[in-house]
Amino acid sequence: MKRLLIGLRTSIKLAALFAISSIVIIAIIFAVYKPIYSVTFKGEMIGYSENKAALQSKINKFKEEGSEGDDAAFVQIADIPEYKICFLKKGIETNDEEIYDIITKTGVSYYKFFAILVDGEEKKFVQTAEQAEQIVKQLVDKDSKNANQLSIVEKYATEKQEYTSVEVAVKDLYENKITPEIAKNMGRVTRAGNGGTAYKSIPIKFIKPIRATITSRFGSRWGSTHKGLDYGAPTGTAIKAAAEGTVTFSGWNSGGYGYLVIISHGNGVQTYYGHCSVLTCKVGDYVTPDDVIAKVGNTGDSQGSHLHFEIRVNDVAYNPEYYLK
């Protein structure tokens, strides 16, 4: 029994001595060395990181969001960095930023966008689903001929697409349905009847087709009725559509208008643009306010460079000044 107690006491002393020695050795190691992670990428050691979790979190964020200022949906990095703990002498610098740059430069960015398809063919690209839905809705609301052929597809690509605005996409994709009313007026220029009064309620908003001085107003002139407004402007000045609609005439008129554009706005409402020098639209075109449709000239029965502008309802002319904002 005595021998057993002596042996146990000796074992305890040895264990205590070993523990103290281990602590001293570990303390010496930590005093000279520090635990750190070596980072290997694609089989090559690229540096040391003191905080593996922070570095990998930063890399993961880059993969999910791309770099700041870029609109990438995500970044694909094919290889995964490997971390191995080791002990290095204190004073050796870590290079987390350099490691991050080496790894992220191998990434391939993928961009998310939405394609507007017409009968299965990609026509326009926008960045958001909201924009795509607006385009389709506006084309449906405008009763575009291709409304039933429209679809939206979410896509990803490694290159940015040429995005378009909602307004441009609607204008470019719109296909006019030639209604019986428009078909009836295609290519037809009629003489405006007397308006009776100078005003009639029209549920359409018009803009001024040109920024210029009015040189002759609606009403009695030289023993007859002047059916519109004359705007004096230099030849070549741009003329814009006063409201959205379909071009039903674009050409030469021998009845005094010279080069003439007529736009049908529906419900019997038309606008006339006479004495032009150049026509930049054709019959069947769908135009919106601010679209340039022609340029000022001095053609037809004209005494100087100007635009003659009319607003008609069922071939009756009304004073444009009451409708232009």
Side-chain angles (χ1 to χ4, degrees), residues 167-168 171 182 185-195 197-200 202 204-265 268-325:
E167 294 74 17
V168 171
K171 184 177 184 302
I182 292 175
N185 291 306
M186 283 291 191
R188 188 164 70 104
V189 182
T190 59
R191 299 180 66 87
N194 290 326
T197 62
Y199 177 79
K200 175 184 178 67
I202 301 175
I204 296 174
K205 292 183 179 179
F206 297 93
I207 66 166
K208 292 179 181 179
I210 188 174
R211 295 294 177 183
T213 301
I214 296 174
T215 56
S216 184
R217 300 185 183 278
F218 179 94
S220 178
R221 187 180 71 171
W222 304 332
S224 63
T225 301
H226 186 230
K227 307 294 185 182
L229 297 177
D230 286 348
Y231 290 93
T235 296
T237 301
I239 301 169
K240 298 180 178 181
E244 67 178 325
T246 302
V247 177
T248 59
F249 185 90
S250 180
W252 178 263
N253 167 257
S254 58
Y257 287 101
Y259 284 111
L260 171 69
V261 172
I262 301 176
I263 299 175
S264 173
H265 307 284
V269 181
Q270 296 175 301
T271 48
Y272 277 49
Y273 310 78
H275 308 309
C276 304
S277 61
V278 176
L279 306 178
T280 58
C281 61
K282 63 183 184 299
V283 172
D285 282 354
Y286 172 79
V287 293
T288 58
D290 278 342
D291 284 346
V292 175
I293 56 171
K295 294 183 179 181
V296 171
N298 186 27
T299 59
D301 186 6
S302 172
Q303 303 300 315
S305 181
H306 73 285
L307 165 67
H308 174 80
F309 176 69
E310 296 181 13
I311 294 178
R312 299 187 183 188
V313 182
N314 296 323
D315 283 334
V316 176
Y318 292 90
N319 187 350
E321 286 191 81
Y322 288 107
Y323 308 101
L324 297 175
K325 60 181 181 178

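Taking the six-membered ring where the residue is Trp, the centroids of F309 and Y273 are separated by under 6.0 Å. Taking the six-membered ring for Trp and the full ring otherwise, the centers of H308 and Y231 sit at least 6.0 Å from each other.
Residues K171 and D291 are paired through a salt bridge, judged by an N-O separation under 4.0 Å between the basic side chain and the carboxylate.
Annotation for T299 and G258: closest pair OG1-CA, 3.6 Å, computed over non-hydrogen atoms. Across all their heavy atoms, S250 and V283 have their closest contact at N-CG2, 3.8 Å. The nearest pair of heavy atoms linking P289 to I207 is CB-CD1, 4.1 Å. Across every non-hydrogen atom of G236 and S277, the tightest pair is N-OG, 4.1 Å. Minimum interatomic distance between V287 and A241 (heavy atoms only, all atoms of both residues): CG2-CB, 4.0 Å. Across all non-hydrogen atoms, the minimal contact from G232 to T215 is N-CG2, 3.6 Å.
Geometrically, R312 engages Y272 in a cation-pi contact, judged by NZ or CZ lying under 6.0 Å from the ring centre and within 45° of the ring axis.
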Task: Working for side-chain contact (heavy atoms from CB on, under 4.5 Å), residues V247 and I262 - done: CA-CA 6 Å; V247 177; I262 301 176; over 6 Å; no

TODO: Please lay out, stage by stage, how I263 and Q270 fare under the test side-chain contact (heavy atoms from CB on, under 4.5 Å).
DONE: CA-CA 6 Å; I263 299 175; Q270 296 175 301; over 6 Å; no

Task: Worked check of side-chain contact (heavy atoms from CB on, under 4.5 Å) between N298 and Q303 - done: CA-CA 7 Å; N298 186 27; Q303 303 300 315; 5.9 Å; no

Open item on the list: V296 vs I239, test: side-chain contact (heavy atoms from CB on, under 4.5 Å). Steps then yes/no.
Closed with: CA-CA 7 Å; V296 171; I239 301 169; 3.8 Å; yes

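Atom CD1 of I210 sits about 12.0 Å away from atom CG of L229, to the nearest 0.5 Å. Within the model, atoms NZ of K205 and NE2 of H265 stand 15.5 Å from one another, a figure rounded to the nearest 0.5 Å. Once rounded to the nearest 0.5 Å, the distance linking CG of D290 with NZ of K240 reads 4.5 Å.
Scanning for ring pair (Phe, Tyr, Trp, His ring centres under 6.0 Å) contacts around Y259 gives W252, with sequence neighbours left out. Applying the salt bridge (Lys or Arg N to Asp or Glu O under 4.0 Å) criterion to K282, with sequence neighbours excluded, gives D285.
In this structure the side chain of L307 reaches within 4.5 angstrom of the side chain of P209, judged on heavy atoms. No side-chain heavy atom of L260 sits under 4.5 Å from any side-chain heavy atom of C276. Residues Y318 and Y323 meet the side-chain proximity criterion, which asks for heavy atoms closer than 4.5 Å. The shortest distance between side-chain heavy atoms of E310 and P320 does not fall below 4.5 Å. Put simply, the side chain of F206 reaches to within 4.5 Å of the side chain of V269, judged on heavy atoms. Side-chain contact between R217 and H226: absent, with no pair of heavy atoms (C-beta onward) separated by less than 4.5 Å.
Within the 3.5 Å criterion, the main-chain N or O of K227 finds no donor-acceptor partner in the side chain of T225. Side chain of S305 to backbone of T235: a donor-acceptor contact under 3.5 angstrom is found. T246 places no side-chain N or O within 3.5 Å of a backbone atom of G284 that could act as its donor or acceptor partner.
Legend: salt bridge (Lys or Arg N to Asp or Glu O under 4.0 Å) pairs involving residues 243-259, not counting sequence neighbours, sorted by first then second residue: K142-E244.
The aromatic rings of H306 and H275 are tilted relative to each other, their planes meeting at an angle between 30° and 60°.
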